[in-house]
Structures are given as C-alpha cells and as structure tokens.
Amino acid sequence: MSTRIAFLKGHGTENDFVILPDPGNGLDLTPAAVAALCDRRAGIGGDGVLHVVRSAAHPDAVAMAADAEWFMDYRNGDGSVAEMCGNGVRVFARYLQHAGHVAEGDLAIATRGGVKTVHIAKDGDVTVGMGRARLPEGDVTVSVGERSWPARNVNMGNPHAVAFVSDLAHAGSLLDPPPVAPAGAYPDGVNVEFVVDRGPRHVAMRVHERGSGETRSCGTGACAVAVAAARRDAADPAATGTPATYTVDVPGGRLVITERPDGEIEMTGPAVIVAEGEIDAEWLENAAR
C-alpha cells in the first residue's frame, strides 16, 4: 500500500460521498475503514463511499465488464454494502468525467443493482436510467412515536417504504430507523421516505437511509416516491400510456423523475465534485482493523 491514497469529495443534491479511485481493486475497504472515512469529525465525512473500480477487477462486477467498464462499489456510511445509490451514480459519473475517463454523452456504470445507463448533459445535469420499480405485495405500516401511516413498498434495486404524510415534521429526527411493520417485510432493513404534496406532480420528501440515518437526498428514494405518487394519483404510465414526471424536492435540492410506459425510470439532477486530496495510508490501515 502506498503512503498516500487519493480521494475526492462530491455530492448530488447534498447527498455527499467520499470517492476512492481504485481501478485495480487494491484497497482493503473493511466496514470499519468505510465508517472511519465517513465520520464527519474524525474522518473526511460523507453519507457513503464511492469505490471506483474497473468491473473486470471486482468479483461482484466481472460478469458486467463487457457492458460497463466501471463498477460503483457503493458502501453506506456505516460500512455496510448497498445495492444501489441513485445520487451516487450521478456523482460517480461526474468523477469519471472529471478524471478524463469519459466525456459528455452516454455511458454505462455497473452497480450491484445491475448496469445503469447514464447521460452527462452539457448543462451539467446528469440523467440516470434507474431501471424498473418492483412493487412487492402486502401491506406495510411506518410509525413515528404515536403516529403511523400506510406505506407503499417499492423496490428500486434496494428496498423503500414510502409514506404520505400531512407534515414533514411528523417524520421526527430520523436519526434512528422508523419502525416498519410487519417485521418480516424488509429482512435486510429499509429506506423510509416521508412525503408531502407541494403541487400537481410536485412533492417534497425526507428520508431515513438504511445504514446512514437521515440524508439530504436519496436518488432511489426519490424514484420510489415518484412511483408511489403516480400509483396514488392514478397516473401509472403502464395504465395511461403516457410518461409520468414528478418534481421531487429533497432537503438538498431538487430531482426530476420520469417513469415511462415501459416501466423504465429516469432521474435527472446535479452532481458536483467539491474537493480532492490524499489520505494517509497508515491511518486508513489502522481504521480498517
């Protein structure tokens, strides 16, 4: 291991990430190391880590190498592995552009949720093809204190419970995971979104992200919210034959989500690289233990 390890810091609608370029997959990223990097006082600080690896060099992505050169090995802020992160994909694409690996236009990025198509626009926004939502059967309820709400179970490659509420303050602090029933609905944990209406096809949300607590934004969560809102509003594109586009305000900004009649979902929003530097390798090695 070299004495210094390069890193960058980026965010998408203030969902922020430590970016670790590691094309050959040589870093020992234990959960403890990831948690240390994401610590906002003792580390760099972030909602998660974007580990940048060539697909051919990572066992979880080698099968996708023919379709996508780069793999987003995403980790939550507590060190746990996640299937997908929508804001993370946009920032990942921005890093690849920043590093000169790709240019404006279309590219493919491998994730544990499959290969995602991405478009980097001239105006700076990044659009990600998020795939199709799955809507598992069964009633789900979300609770905060004495209040509880029915929630829509939406899977965007990772699990979400979407609850429509009258006031976002009802979500509470969101430091801890809101209780979700039945207990067996999400055996690996769940991202929970609380949603209010702002206008026609316009909603606002707060989110507790599994493994990270409340974050300023969640891309897959915004997609899940748009899908749930379209079903609630009788605007399911598969039934109407026309795309459904929702503006989703998050604490860190604004995302635009479009679901097409074929079920494919696109998310558009900003992605920014804000800093780059070096980590002391000895520090990271000690943190990894």
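What you are looking at is a predicted structure, and each value in this text was computed from that prediction instead of being measured. Keep in mind that the numbers below use all heavy atoms, side chains included, and drop hydrogens, waters and symmetry copies.
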Exercise. Could you state the interatomic distance from CD1 (I109) to NZ (K116), rounded to the nearest 0.5 Å?
Worked result: 11.0 Å
Problem set entry | Check: L96 and V52 side chains under 4.5 Å, non-hydrogen atoms | yes
For this session: Can you see which heavy atom on A161 is nearest to which on V140, and at what distance?
Result: CB-CG1, 4.5 Å
Problem set entry | ring pair (Phe, Tyr, Trp, His ring centres under 6.0 Å) partners of Y246, counting only residues at least two apart | none
Exercise. Which is it for D60 and V81 under the side-chain contact (heavy atoms from CB on, under 4.5 Å) test, yes or no, and what are the steps along the way?
Worked result: CA-CA 11 Å; D60 290 353; V81 173; 5.7 Å; no
Problem set entry | Evaluation steps, side chain to side chain donor-acceptor pair (under 3.5 Å), between H98 and E276 | CA-CA 11 Å; H98 175 85; E276 53 187 308; 3.0 Å; yes
Problem set entry | Cluster link F164 to V142, ILVMFWY, side chain under 4.5 Å | no
For this session: Apply the salt bridge (charged side-chain N to carboxylate O under 4.0 Å, His left out) test between D47 and each candidate in R210, R40, R216, R75; give the one that qualifies.
Result: R40
For this session: Without swapping roles, check the side chain of D197 against the backbone of G199 for a donor-acceptor pair under 3.5 Å.
Result: no
Problem set entry | Side-chain (R94) to main-chain (A271) donor-acceptor, under 3.5 angstrom | yes
Exercise. Roughly how far apart are L255 CG and D125 CG, rounded to 0.5 Å?
Worked result: 9.5 Å
Exercise. Got D22 and L29 here, is their nearest side-chain heavy-atom distance under 4.5 Å?
Worked result: no
Exercise. Do V165 and R147 come within less than 4.5 Å of each other through their side chains, counting heavy atoms only?
Worked result: no
Problem set entry | Derivation of the side-chain contact (heavy atoms from CB on, under 4.5 Å) call for Y74 and T111 | CA-CA 8 Å; Y74 181 67; T111 77; over 6 Å; no
For this session: Indicate the atoms forming the closest heavy-atom contact of P270 with R254, along with that distance.
Result: CD-O, 4.0 Å
Problem set entry | Expected output: side-chain T30 to main-chain A288 donor-acceptor under 3.5 Å | yes
For this session: Any chance you could measure M72, atom CE, to I19, atom CD1, to the nearest 0.5 Å?
Result: 11.5 Å
Exercise. Do you reckon V118 sits in the same ILVMFWY cluster as I273, going by side-chain contacts under 4.5 Å, direct or chained?
Worked result: yes
Exercise. What is the distance from atom CZ of F7 to atom CZ of F17, rounded to the nearest 0.5 Å?
Worked result: 15.5 Å
For this session: List the steps and the verdict of side-chain contact (heavy atoms from CB on, under 4.5 Å) for V126 and V89.
Result: CA-CA 9 Å; V126 180; V89 173; over 6 Å; no
Exercise. Considering all heavy atoms of both residues, which atom of A110 and which atom of A68 are nearest to each other, and what is their separation?
Worked result: N-CB, 3.5 Å
Exercise. Would you say K9's side chain and G46's backbone share a donor-acceptor pair under 3.5 angstrom?
Worked result: no
For this session: For A33 and L284, work out which heavy atoms get closest and say how close.
Result: CB-CD1, 3.9 Å
Problem set entry | E282 CD to R4 CZ distance, which is reported to the nearest 0.5 Å | 10.5 Å
For this session: Carefully, step by step, assess V250 and C218 under the rule side-chain contact (heavy atoms from CB on, under 4.5 Å).
Result: CA-CA 8 Å; V250 296; C218 176; over 6 Å; no
Seminar exercise, completed: Looking only at heavy atoms, the pair that brings L8 and P21 closest together is CD1-CG, 3.7 Å
Problem set entry | Test applied, side-chain contact (heavy atoms from CB on, under 4.5 Å); reference residue, C223; option that passes from H160, E266, M267 | M267
Problem set entry | Test applied, side chain to side chain donor-acceptor pair (under 3.5 Å); reference residue, S217; option that passes from N15, N87, D249 | N87
Exercise. Less than 4.5 Å apart, any side-chain heavy atom of L50 and any of Y95?
Worked result: no
Problem set entry | Closest non-hydrogen atom pair, R231 against P237 | NH1-CD, 4.0 Å
Exercise. Which residue pairs pass the ring pair (Phe, Tyr, Trp, His ring centres under 6.0 Å) test when at least one of the two sits in residues 115-151, sequence neighbours left out?
Worked result: W149-F194
Exercise. Quick one: does R206's side chain have a donor or acceptor within less than 3.5 Å of a partner on L168's backbone?
Worked result: yes
Exercise. Got a second to check how far E193's CD is from N191's CG, nearest 0.5 Å?
Worked result: 6.0 Å
Exercise. Counting only heavy atoms not in D139, do more than 12 fall under 6.0 Å of its CG?
Worked result: no
For this session: State, yes or no, whether a side-chain contact exists between V225 and V207 at a heavy-atom distance under 4.5 Å.
Result: no
Exercise. Does S80 offer a backbone N or O that forms a donor-acceptor pair with the side chain of D78 under 3.5 Å?
Worked result: yes
Exercise. Is any side-chain heavy atom of W70 closer than 4.5 Å to a side-chain heavy atom of R54?
Worked result: yes
Exercise. Side chains of I257 and I265: does their closest heavy-atom pair fall under 4.5 Å?
Worked result: yes
For this session: Flag the pair T245 / R201 as yes when at least one side-chain heavy-atom distance between them is below 4.5 Å, and no otherwise.
Result: no
Exercise. Out of curiosity, does M205 fall in the hydrophobic cluster containing V227 (side-chain heavy atoms, cut-off under 4.5 Å, transitive links)?
Worked result: yes
